[in-house]
Amino acid sequence: MTTPGLAHYSTIVVGAGPAGVLAALHAAERGPVLLADASALPRSKSCGGMLHELSLATLRPYGTLPEDIVAEPRTVHFRYHDWDRRIMRTTELAFLNVSRAGFDEWLVGLLPDAVDVVARTALTGFTQDERAVTAEFRTEEGLITVTADLLIGADGARSQVRRTLDIRESSSYVTLQDFVTLEGEIDPVFDCIYMRDIGDEFGYCYVVPKDGVALIGSVFYPRTKRPWEKQDQIVALLRERLPQLGERVERESAAALYLRSPEDILPGWGRVLLAGEAGGFMSPTSGEGISYALRTGRDAGIAAAGGPDGALHRYTQTTSPIVSDIRRRFRWLPFMESRAGKYLAGFVPTPIVSRVTMGL
Ligand SMILES: Cc1cc2nc3c(=O)[nH]c(=O)nc-3n(C[C@H](O)[C@H](O)[C@H](O)COP(=O)(O)OP(=O)(O)OC[C@H]3O[C@@H](n4cnc5c(N)ncnc54)[C@H](O)[C@@H]3O)c2cc1C
């Protein structure tokens with residue numbers, strides 16, 4: 001479908017990522033749903049494609065993940081790596097290594113017929129009153145207006161829905177991912193690396209093998225200037241010790257939510273619910289976001305299926321354990337981001353690093 005089939009929907013969901021798909025799937029139990037995404041579908045989202053066990057547990061009721069989206073090596077353990085001091089701690093925290101594009105496409109395939117999925121349809125704004133939400137979208141044919149009883153914003157780190165609510169704007173990290181050929185084997189781990197020479201704008205980088213290539217990702221703080229030059233510097237440093245890292249075949253950049261305080265978490269306002277990164281739901285300490293998007297998307301959809309009256313209240317209640325979990329993680333953030341914290345982590349024995357990492 002290229003344009004919405006109806007003028008009025010039970011629920012409009014903005015964004016076809018994990019939060020939006022599960023929100024639409026559950027909201028459809030009440031009536032027709034419009035799921036609109038600004039990009040082409042199947043979409044290509046810059047991501048490490050590491051599925052945490054919480055993501056896998058959340059997905060279990062929806063079916064079995066297809067084997068062809070699982071990458072080689074299948075499972076990777078998180079490794080804390082202080083590059084300068086050559087300290088490595090392989091933890092027990094394991095992730096399923098998947099193709100993110102394949103994963104997202106599989107999710108969209110779960111949607112029932114009651115969901116109209118439209119691609120290249122970007123929300124530009126909306127208004128709400130006591131009866132409905134009126135949303136405006138930019139499509140390839142021009143601007144269109146659609147109304148609904150409820151709207152769920154699942155449009156990611158730079159959410160237009162959240163901006164339109166104008167309550168508390170979020171900020172974002174700059175991320176870059178290079179895919180490079182592999183001229184030999186590298187350790188089959190999700191290697192999370194701290195380097196001191198890149199400067200204070202640099203958060204961390206990671207290296208993970210995936211189906212014969214290596215994924216080299218870097219996370220920079222907001223407003224980092226010329227991040228691609230820093231990424232070149234990081235890759236050059238990595239190659240000094242990992243000559244197996246070959247030629248770059250692809251580079252992509254993206255934004256990831258930069259959570260600073262619990263006030264950044266916003267479940268919505270009035271007839272509008274915010275799920276996934278749009279609502280500030282992700283781990284501020286590890287950057288893991290898929291399990292949060294899946295759980296809050298599911299909860300927003302279930303709240304919408306119960307009808308517009310009290311939907312935000314029900315959603316706020318069901319997501320309160322997730323909010324408490326994010327609040328707990330915030331306590332670790334100042335220590336983890338400080339130079340002293342990164343230095344001291346090198347002295348902590350592996351079992352303790354492992355246990356702490358499980359909670360981040
Ligand atoms: C480089 C990188 C690596 C990552 N690696 C991992 C990882 O390995 N494991 C993990 O768990 N998490 C990872 N994350 C985080 C994870 O990708 C996100 O937290 C997760 O995808 C959030 O899901 P979401 O549904 O909230 O939003 P998204 O997946 O971001 O989806 C939002 C959708 O909204 C659409 N959209 C945006 N604006 C509009 C608009 N105005 N109108 C209509 N549609 C719109 C976008 O096109 C997009 O498809 C990573 C993030 C980055 C940037």
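This one's a predicted model, so the numbers in the text were calculated from it and none came from an experiment. Order of appearance sets the numbers: ligands from 1, and atoms from 1 within every ligand. We're numbering straight along the sequence, starting at 1. Only heavy atoms go into these numbers, but all of them, side chains included; no hydrogens, no water, no symmetry mates.
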Under 3.5 Å: donor-acceptor pair, side chain of R295, backbone of T58: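 Not confirmed, R295 side chain does not pair with T58 backbone.
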Write out the residue and atom name of the closest protein heavy atom to [atom], then the distance separating them to 0.1 Å.
{"atom": "atom 8 (O) of ligand 1", "result": "M50 N, 3.0 Å"}
{"atom": "atom 26 (O) of ligand 1", "result": "E277 N, 2.9 Å"}
{"atom": "atom 23 (O) of ligand 1", "result": "A293 CB, 3.4 Å"}
{"atom": "atom 41 (N) of ligand 1", "result": "L123 O, 3.2 Å"}
{"atom": "atom 2 (C) of ligand 1", "result": "S46 O, 3.6 Å"}
{"atom": "atom 25 (O) of ligand 1", "result": "A19 N, 3.0 Å"}

Going by the atom numbers of ligand 1, which of them fall below 4.0 Å from some non-hydrogen atom of [X]?
{"X": "A154", "value": "32 (C), 33 (C), 34 (O)"}
{"X": "I290", "value": "9 (N), 10 (C), 11 (O), 12 (N)"}
{"X": "Y206", "value": "1 (C), 2 (C), 3 (C)"}
{"X": "A122", "value": "42 (N), 43 (C)"}

Polar atom proximity, R43 to ligand 1 (N or O, under 3.5 Å):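 Among all N and O atoms of R43, at least one is under 3.5 Å from an N or O of ligand 1.
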Heteroatom distance test (A157, ligand 1): nitrogen or oxygen, under 3.5 angstrom: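 Checking ligand 1 against A157, no N or O pair falls under 3.5 Å apart.
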Salt bridge present between D187 and R79 (N-O < 4.0 angstrom): yes
Residues R163, D155: salt bridge by 4.0 Å N-O rule: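 Answer for the salt bridge query: no.
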Of T124, T127, T164, T145, the residue whose pairing with E136 passes side-chain hydrogen bond (donor to acceptor under 3.5 Å, both in side chains):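 With E136 as partner, side-chain hydrogen bond (donor to acceptor under 3.5 Å, both in side chains) holds for just one option, T124.
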Min heavy-atom dist T121 to ligand 1 below 4.0 Å: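 Yes; T121 lies near enough to ligand 1 that a heavy-atom distance drops under 4.0 Å.
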R158 to ligand 1, any heavy atom closer than 4.0 Å: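 No heavy atom of R158 comes that close to ligand 1.
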Derivation and outcome, side-chain contact (heavy atoms from CB on, under 4.5 Å), residues T134 and Q128: CA-CA 6 Å; T134 304; Q128 56 173 319; over 6 Å; no
Pair Y80 and Y194, ring centroids less than 6.0 Å apart: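 Ring centres of Y194 and Y80 closer than 6.0 Å.
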Validation row, ring centre F95 to ring centre F78 under 6.0 Å: no
